[in-house]
Student: 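What follows is a structure written as structure tokens; I'll ask about it next.
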Amino acid sequence: MIYRENDRGHVDFGWLKSAHSFSFGQYFDPDKMSFGALRVLNDDQVEGGQGFDRHDHNNMEIVSIPLEGALVHQDSMGNGHTIQTGEVQIMSAGTGVQHAEFNADQKDLVKFLQIWVMPNETGLKPRYDQKSYLQLDRHNKFVTIVSPDKMDYNAVHIHQDAYFNLADIEAGKKIDYTIHSERNGLYLFVLEGKALVESETLSRRDAIGLYEKEKISIEAYYETSLLLIEVPMY
């Protein structure tokens, strides 16, 4: 399935502008409820000094990836951190957690992806982690920044058989991705640039959902940055 940028749900609250890939809040589309275990992909931008007041979550794996700027995070587990561009954050809400997120800058926008994945087990103890991925070489190849493998010290751990991968591809280059499990599907989201995937041309903020594939190939028309999410298909 193709998910075009202009087909997303767009909301504007003044302090927050967001594009929803799947049904969320005021945006509802019965054909866009989820992609397997991938429940939410919100492309958010928050004005300087603004943010989300403390609110509740439970039984969800919540990943935040700043694209520009930085976020201040506070939660009921006692965590208080700033998440910079080039870092990935995960909060496993489990039995329940409250958190707040604010733009760390008083003037400039913060732009980030907020992504929810349904966990493989409910009632877990809440946990938090964040890591930088700037040291990882994603030039013409995928690197994993979220993984179910606790021994992958370059990635934050997720309670699901899910993998988040980033790649930066040169113009004219082609790279492959091999799936970890035949139960999983692939959701490819173009952060910047333009690419050819499975005979489909995808531009900035377009996406494609694929399943029953062992491997896919992606060719960049020009410099392209990608987020590839592998999740179980329910």
Side-chain angles (χ1 to χ4, degrees), residues 1-8 10 17-22 32 35-36 38 41-45 63-69 84-88 109-115 117 131-149 152-156 158 161-182 184-231 233:
M1 183 174 180
I2 307 297
Y3 303 80
R4 296 295 179 190
E5 187 281 332
N6 57 3
D7 290 333
R8 299 183 296 175
H10 292 267
K17 294 180 177 65
S18 185
H20 304 326
S21 295
F22 304 102
K32 295 179 182 177
F35 178 78
L38 177 59
L41 197 164
N42 290 349
D43 189 357
D44 292 340
Q45 61 179 48
V63 175
S64 295
I65 305 173
L67 302 176
E68 293 182 26
Q84 306 283 348
T85 300
E87 293 184 312
V88 57
L109 289 171
V110 60
K111 300 179 181 181
F112 67 103
L113 301 178
Q114 183 177 142
I115 304 168
V117 174
K131 288 187 177 179
S132 172
Y133 55 80
L134 292 177
Q135 77 283 4
L136 304 178
D137 179 14
R138 57 188 189 275
H139 182 67
N140 291 328
K141 63 181 179 181
F142 282 108
V143 296
T144 303
I145 62 169
V146 178
S147 171
D149 182 3
D152 185 349
Y153 298 112
N154 290 320
V156 294
I158 189 169
D161 186 21
Y163 302 81
F164 288 41
N165 310 272
L166 295 173
D168 295 329
I169 314 175
E170 290 180 62
K173 294 289 187 180
K174 181 185 288 187
I175 65 173
D176 297 331
Y177 181 87
T178 301
I179 202 163
H180 289 82
S181 169
E182 62 182 12
N184 290 356
L186 301 173
Y187 188 87
L188 182 71
F189 186 71
V190 179
L191 296 171
E192 301 290 343
K194 188 175 184 179
L196 181 67
V197 186
E198 296 293 309
S199 301
E200 296 285 350
T201 298
L202 304 178
S203 298
R204 182 182 185 273
R205 295 312 204 253
D206 288 345
I208 186 171
L210 302 163
Y211 55 94
E212 297 181 350
K213 298 280 185 181
E214 293 182 0
K215 178 187 289 188
I216 63 168
S217 295
I218 304 107
E219 182 176 0
Y221 286 105
Y222 40 85
E223 288 189 9
T224 298
S225 296
L226 303 171
L227 170 65
L228 178 60
I229 303 174
E230 177 181 341
V231 288
M233 300 301 294

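It should be emphasised that the depicted structure is a prediction, and the values quoted were computed from it without experimental measurement. Throughout, numbering of the chain's residues begins at 1 and tracks the sequence. Only heavy atoms go into these numbers, but all of them, side chains included; no hydrogens, no water, no symmetry mates.
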Student: Would you check if there is a donor-acceptor pair between the side chains of Asn42 and Gln114 at a distance under 3.5 Å?
Tutor: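 Absent: no donor and acceptor within the cut-off.
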Student: Step by step, would you call Asp206 with Ile2 a side-chain contact (heavy atoms from CB on, under 4.5 Å)?
Tutor: CA-CA 8 Å; Asp206 288 345; Ile2 307 297; 5.8 Å; no
Student: Taking the side chain from Lys131 and the backbone from Ala155, do they hold a donor-acceptor pair closer than 3.5 Å?
Tutor: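 Answer holds: yes.
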Student: Going by heavy atoms in the side chains, are Leu210 and Val197 under 4.5 Å from each other?
Tutor: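 With C-beta onward as the side chain, the pair touches.
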Student: Okay, side chain of Asp161, backbone of Pro148: is any donor-acceptor separation there less than 3.5 Å?
Tutor: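 Between the backbone of Pro148 and the side chain of Asp161 there is no qualifying donor-acceptor contact (under 3.5 Å).
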Student: Would you say that more than 12 heavy atoms from the other residues, nucleotides or ligands in this model lie under 6.0 Å from the CD of Glu212, or not?
Tutor: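 Result for CD/Glu212: open.
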Student: Would a 4.5 Å heavy-atom cut-off, applied to side chains only, mark His139 and Asp168 as touching?
Tutor: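 Result no, sub-4.5 Å side-chain heavy-atom pair not found.
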Student: Looking at every non-hydrogen atom in both residues, tell me the closest pair between Ile175 and Phe142 and how far apart they are.
Tutor: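 For Ile175 versus Phe142, the nearest heavy atoms are CD1-CE1, 3.5 Å.
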Student: To the nearest 0.5 angstrom, please state how far the CD atom of Glu192 sits from the CZ atom of Arg204.
Tutor: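 Going from the CD atom of Glu192 to the CZ atom of Arg204 covers 4.5 Å.
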Student: Is there side-chain contact between Leu226 and Ile218, with heavy atoms separated by less than 4.5 Å?
Tutor: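 With C-beta onward as the side chain, the pair touches.
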Student: Could you measure the distance from the CZ atom of Phe112 to the CD atom of Gln45? Nearest 0.5 Å is fine.
Tutor: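 The CD atom of Gln45 is 10.5 Å from CZ of Phe112, to the nearest 0.5 Å.
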Student: Quick check for you: to the nearest 0.5 Å, what is the distance between Glu200 atom CD and Met1 atom CE?
Tutor: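 Here the interatomic distance stands at 12.0 Å.
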Student: So, for Phe189 and Tyr3, is the gap between ring centers shorter than 6.0 Å?
Tutor: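 No.
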Student: Heavy atoms only: give me the nearest Ile158-Ala162 pair and the separation to one decimal.
Tutor: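 It is CG2-O, 3.6 Å.
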Student: How about NZ on Lys17, more than 12 heavy atoms from neighbouring residues, nucleotides or ligands closer than 6.0 Å, or not?
Tutor: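 Enclosed: over 12 neighbouring heavy atoms sit under 6.0 Å from NZ of Lys17.
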Student: Take atom CD of Gln84 as the centre, draw a 6.0 Å sphere, and report whether it contains more than 12 heavy atoms from other residues, nucleotides or ligands.
Tutor: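 Counting neighbours around CD of Gln84, more than 12 heavy atoms of other residues, nucleotides or ligands fall under 6.0 Å, so yes.
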Student: As an exercise, state the distance from CG of Asn184 to CD of Glu230, rounded to the nearest 0.5 Å.
Tutor: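 Separation between the atoms: 4.5 Å.
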Student: Going from CG on Asp43 to CZ on Arg8, what distance comes out if it is rounded to the nearest 0.5 angstrom?
Tutor: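 The CG atom of Asp43 sits 4.5 Å away from the CZ atom of Arg8.
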Student: Distance from Arg138 atom CZ to Asn165 atom CG, nearest 0.5 Å?
Tutor: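 With rounding to 0.5 Å, CZ (Arg138) is 12.0 Å from CG (Asn165).
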Student: Please examine the side chains of Ile115 and Val146, heavy atoms only from C-beta on, and report whether any two atoms are closer than 4.5 Å.
Tutor: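 Result no, sub-4.5 Å side-chain heavy-atom pair not found.
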Student: What ring-ring contact (aromatic ring centres under 6.0 Å, His included) pairs are there with at least one residue in residues 191-223, not counting sequence neighbours?
Tutor: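 For residues 191-223, and leaving out neighbouring residues, there are no ring-ring contact (aromatic ring centres under 6.0 Å, His included) pairs at all.
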Student: With side chains defined as the heavy atoms from C-beta onward, is the minimum distance between Asp137 and Val143 less than 4.5 Å?
Tutor: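 The answer is no; the side chains never approach within 4.5 Å.
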Student: With Phe164, which residues qualify under ring-ring contact (aromatic ring centres under 6.0 Å, His included), at least two apart?
Tutor: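 Expected list: none.
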Student: If you apply the rule side-chain contact (heavy atoms from CB on, under 4.5 Å), what do you find for Glu5 with His10, and how did you get there?
Tutor: CA-CA 10 Å; Glu5 187 281 332; His10 292 267; 3.4 Å; yes
Student: Any donor and acceptor pair, going by atom type alone, linking the side chain of Arg205 with main-chain N or O of Leu191 inside 3.5 Å?
Tutor: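 A pair under 3.5 Å: yes.
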Student: What I'd like to find out is whether the side chain of Leu186 reaches to under 4.5 Å of the side chain of Leu228, using heavy atoms alone.
Tutor: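 Yes, their side chains come closer than 4.5 Å.
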Student: Over all heavy atoms of both residues, which pair between Thr85 and Gly69 is shortest? Give the atoms and the distance, please.
Tutor: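 So the minimum-distance heavy-atom pair works out to OG1-O, 2.7 Å.
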Student: Carefully, step by step, assess Asn154 and Thr144 under the rule side-chain contact (heavy atoms from CB on, under 4.5 Å).
Tutor: CA-CA 8 Å; Asn154 290 320; Thr144 303; over 6 Å; no
Student: Return the minimal non-hydrogen interatomic distance between Ser18 and His20, and the atom names on each side.
Tutor: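 Closest pair (atom of Ser18, atom of His20, distance): OG-CE1, 3.0 Å.
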Student: Please confirm whether Tyr187 and Phe22 have ring centers closer than 6.0 angstrom.
Tutor: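 Yes, close enough.
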Student: Would Arg4 and Leu202 count as a side-chain contact (heavy atoms from CB on, under 4.5 Å) here? Give the steps.
Tutor: CA-CA 8 Å; Arg4 296 295 179 190; Leu202 304 178; 3.8 Å; yes
Student: Does any part of the side chain of Lys213, heavy atoms only, come nearer than 4.5 Å to the side chain of Ile179, both counted from C-beta?
Tutor: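 No. Closest side-chain heavy atoms not under 4.5 Å.
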Student: Just wondering, do Tyr163 and Asp152 contact through their side chains at under 4.5 Å, heavy atoms?
Tutor: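 No; the side chains remain at least 4.5 Å from each other.
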